[in-house]
Every structure is written in structure tokens, then in C-alpha cells.
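Beneath this line is the structure, given in C-alpha cells, with notes to follow.
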Amino acid sequence: MAIIRSEVFKSLEFGASLGKRPVSETPLLMKLSSILEISILKNEKWLLSTGKNDPVTIFHGSKAPNMSVTQYMERIFKYSNCSLSCFVIAQIYLERFFQKKGGYLTSFNAHRLLITSIMVAAKFLDDKYYSNAYFAKVGGVSTEEMNRMEIEFLFNLEFRLFVTTELFRKYCEKFDRTL
């Protein structure tokens with residue numbers, strides 16, 4: 001049996017209703033939102049400096065939302081009532097998505113990818129979760145868009161949603177080392 005050293009892993013309260021706390025009081029979500037914000041800045045800087053374009057997908061908005069990724073995560077966390085583990089799993093799904101699809105996380109696609117990956121993680125992991133229509137309202141998209149994004153996301157992941165305990169633990173340890 002492996003000894004769990006990850007503070008993030010230890011702090012996960014399975015089944016606890018934490019949705020009332022702001023992201024700023026939830027270390028895992030603060031770290032994750034910071035990772036995403038930094039990734040977006042790096043990707044956009046690289047795309048600008050190289051003159052390359054990020055391929056447009058169903059996840060791209062016509063303009064970048066006014067809400068930061070941190071504010072958006074706080075909104076999802078507050079209203080979705082999904083477990084903190086879903087946010088870790090969603091990050092794993094996002095990395096799988098970009099490994100398979102290519103492209104970059106930018107301010108034009110981050111919000112839609114985030115709501116989609118968290119919804120898919122909640123459906124796979126949590127016993128109770130909200131409908132696509134509810135997640136669409138939380139995410140600020142139409143139900144039809146949410147349905148299309150879910151299908152596109154699942155096909156890009158080849159419906160491979162299972163995450164081993166070992167991989168989950170490794171991501172928690174990665175978050176521990178961040179910031």
C-alpha cells in the first residue's frame with residue numbers, strides 16, 4: 001500500500017458539500033485556476049510570437065469572456081455541487097483532449113472546455129449530478145451548445161474517462177508542487 005504524501009489528495013473531502021466556499025478558500029481550486037491562467041498566458045504569448053493560429057473548434061467563442069478562469073471556476077464550484085475530485089479529473093481530461101486533438105488552451109476556449117470537462121467528470125465520478133441544461137446555465141451557454149460540446153469532447157477522448165488512482169494521486173502531487 002502506497003503512502004499518500006500529497007496534501008491536495010489528503011484534503012479532498014469526498015461527499016462533502018463545499019460549494020459554498022469561495023475558490024480563494026479552497027487551495028486545490030486556487031492552484032488549478034492559477035495553473036490554467038498561467039497556461040493561457042503562455043500559450044497566447046507563444047501563439048502571438050510565432051504567428052501561429054490555434055485551430056478553431058466548437059469550444060472557441062467569438063470573443064474572450066469578461067470573466068477570468070478563476071471567477072468562472074468559482075461559479076462552477078458554487079453552483080454545480082460536484083466534488084473537488086471532479087476538478088482534478090477535469091484537468092486530466094483537458095490534458096488528454098489536447099494530447100489527442102492538438103491546439104492550445106486560450107482565453108477563447110478555456111471557459112467552454114472547463115465547463116464541459118467538469119460536467120463530464122461529474123457525470124462519470126459523482127453519484128449525483130445536474131443535467132446538461134443546468135450545467136449550460138451555469139456555464140453561460142445554450143443547452144444545445146452544451147450537448148454538442150459534450151459529444152465532441154467525449155469523442156476526442158475516445159470515451160476513455162477512467163482515471164487510475166495512481167494517476168489521480170500523481171496529479172494531486174503535481175498540484176502540491178505548483179505555486
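Along the sequence shown, residues are numbered consecutively beginning with 1.
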Work out which heavy atom in Ala122 is nearest to a heavy atom in Phe135; give both atom names and the distance.
CB-CZ, 4.2 Å
Criterion side chain to side chain contact (heavy atoms under 4.5 Å, CB included) on Phe77 and Leu84, from CA distance to verdict:
CA-CA 8 Å; Phe77 182 60; Leu84 283 173; 3.6 Å; yes
Side-chain heavy atoms nearer than 4.5 Å, only ILVMFWY residues, links allowed to pass through others: does that put Val56 and Leu113 together?
no
The reported gap from CD1 in Ile76 to OG in Ser33 (rounded to nearest 0.5 angstrom) is 11.0 Å
Flag the pair Ser80 / Val138 as yes when at least one side-chain heavy-atom distance between them is below 4.5 Å, and no otherwise.
no
Would you confirm whether His111, through its side chain, and Gly61, through its main-chain N or O, come within 3.5 Å as a donor-acceptor pair?
no
Mind listing the closest non-hydrogen atom pair of Phe108 and Ser62 along with its distance?
CE2-O, 4.0 Å
Just wondering, do Tyr130 and Met119 contact through their side chains at under 4.5 Å, heavy atoms?
no
Answer with yes or no whether the hydrophobic clustering places Phe124 together with Val163; edges join I, L, V, M, F, W, Y residues whose side-chain heavy atoms lie under 4.5 Å apart.
yes
Check for a donor-acceptor pair, side chain of Ser39 on one end and backbone N or O of Ile35 on the other, with a separation under 3.5 Å.
no
Hey, does the side chain of Tyr134 reach the backbone of Tyr129 with a donor-acceptor pair shorter than 3.5 angstrom?
no
I'd like to know whether Tyr79 forms a side chain to side chain contact (heavy atoms under 4.5 Å, CB included) with Lys137, so could you lay out the CA-CA distance, the side-chain angles of the two residues, the decisive distance to 0.1 Å, and finally the verdict.
CA-CA 10 Å; Tyr79 294 109; Lys137 284 181 185 174; over 6 Å; no
Can a donor-acceptor pair be found between the side chains of Ser107 and Glu44 at a distance below 3.5 Å?
yes
Heavy-atom pair with the smallest gap, counting every atom of Val141 and Met149:
CG2-CE, 4.0 Å
Indicate the atoms forming the closest heavy-atom contact of Thr164 with Leu167, along with that distance.
OG1-N, 3.0 Å
Verify, without hydrogens or angle tests, whether Asn147 (side chain) and Asn132 (backbone) share a donor-acceptor contact under 3.5 angstrom.
no
Which value, rounded to the nearest 0.5 Å, describes the distance between Leu32 atom CG and Thr70 atom OG1?
9.0 Å
Please step through side chain to side chain contact (heavy atoms under 4.5 Å, CB included) for the pair Lys45 and Lys42, ending with a clear verdict.
CA-CA 5 Å; Lys45 184 178 178 181; Lys42 284 181 180 178; 5.8 Å; no
With heavy-atom distances below 4.5 Å as the criterion, would you say the side chains of Asp54 and Asn109 are in contact?
yes
Look at the side-chain heavy atoms of Ile, Leu, Val, Met, Phe, Trp and Tyr, link any pair under 4.5 Å apart, and say whether Ile118 and Ile58 land in one connected group.
yes
Which atom pairs, donor and acceptor, lie under 3.5 Å between side-chain atoms of residues 90-99 and protein residues at least two apart or in another chain?
unit_1, atom_1, unit_2, atom_2, d
Gln91, NE2, Glu95, OE2, 3.0
Tyr93, OH, Leu161, O, 2.7
Glu95, OE1, Tyr171, OH, 2.6
Glu95, OE2, Lys174, NZ, 3.0
Arg96, NH1, Arg160, O, 2.8
Arg96, NH1, Phe162, O, 3.3
Arg96, NH2, Phe162, O, 3.1

To the closest 0.5 Å, what do you measure between OH (Tyr72) and CG (Leu114)?
7.0 Å
If you take all heavy atoms of Thr106 and Ile40, which pair is closest and at what distance?
C-CG2, 3.9 Å
Could you tell me if the side chain of Val120 sits less than 4.5 Å from the side chain of Phe153, heavy atoms only?
yes
If you count every heavy atom of other residues, nucleotides or ligands that lies below 6.0 Å from Lys123 atom NZ, does the total exceed 12?
yes
Are Leu36 and Trp46 in one and the same hydrophobic cluster, where Ile, Leu, Val, Met, Phe, Trp and Tyr link if side-chain heavy atoms are under 4.5 Å apart?
no
Nearest heavy-atom neighbours spanning Leu105 and Ala110:
CD1-CA, 3.6 Å
How many angstroms lie between atom SG of Cys82 and atom CG of Asp126, to the nearest 0.5 angstrom?
6.0 Å
Glu74 with Lys78: basic N within carboxylate O range, under 4.0 Å
no
Tell me whether Met73 shares a hydrophobic cluster with Leu41, the cluster being built from Ile, Leu, Val, Met, Phe, Trp, Tyr side chains joined at under 4.5 Å.
no
Residues Arg148 and Glu145 bridged, charged N to O under 4.0 Å
no
